[in-house]
Amino acid sequence: MKFKPLHDRVLVKRVEQEERTAGGIIIPDTAQEKPMEGQIVAAGSGTRTEDGKVLPLDVKAGDYVLFGKWSGTEVKIDGEDMLIMKESDLLGIIEGHKPAKKKK
């Protein structure tokens with residue numbers, strides 16, 4: 001399925017978090033908090049000003065971002081859990097992001 005957010009909305013895929021603590025303790029799924037970090041999958045065209053001009057978004061597909069714990073609306077697209085949120089719900093772009101370690 002193709003999905004394109006409208007206006008100032010973005011589609012975000014949560015980034016998987018490490019399942020172990022720094023000391024090597026494995027954290028069960030039921031005790032893990034949902035990550036507040038994700039990757040932009042798709043972005044809308046931007047916000048419209050009062051005079052009708054479109055201001056482009058500051059984020060683009062592929063950017064890694066931080067967002068609030070309760071931000072966005074959870075949706076399932078092609079069997080994957082995603083979030084749809086407004087650009088204003090984003091806290092910032094993570095520059096030089098390194099992919100999280102894969103689950104074992």
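Note: hydrogens, waters and symmetry copies are ignored here, and every other heavy atom, side chains too, is used.
- Among residues two or more places apart in sequence or in another chain, the salt bridge (charged side-chain N to carboxylate O under 4.0 Å, His left out) test is passed with D81 by K76.
- Rounding to the nearest 0.5 Å places CZ of R14 at 12.0 Å from CE of M82.
- Taking CD1 of I40 as the reference point, atom CD1 of I93 lies at 8.0 Å (rounded to 0.5 Å).
- The CE atom of M85 lies 9.0 Å from the CG atom of L11; values are rounded to the nearest 0.5 Å.
- Remark: E80 pairs with K13 by the salt bridge (charged side-chain N to carboxylate O under 4.0 Å, His left out) rule, at least two apart or across chains.
- Atoms NZ and OG, on K4 and S45 in that order, are 6.0 Å from each other to the nearest 0.5 Å.
- Minimum heavy-atom separation, L91 to F67: CD1-C, 3.7 Å.
- How far CD of Q39 is from OH of Y64: 3.5 Å, rounded to the nearest 0.5 Å.
- In this structure, the separation between CZ on R9 and CZ on F3 is 9.0 Å, given to the nearest 0.5 Å.
- The side-chain hydrogen bond (donor to acceptor under 3.5 Å, both in side chains) check on S88 picks up nothing, with sequence neighbours excluded.
- When side chains are defined from C-beta on, I84 does not count as touching V10, because their heavy atoms never get closer than 4.5 Å.
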Could you pull out every donor-acceptor pair under 3.5 Å between side chains of residues 53-61 and any protein atom, sequence neighbours left out?
| unit_1 | atom_1 | unit_2 | atom_2 | d |
| --- | --- | --- | --- | --- |
| K60 | NZ | D63 | OD1 | 3.1 |

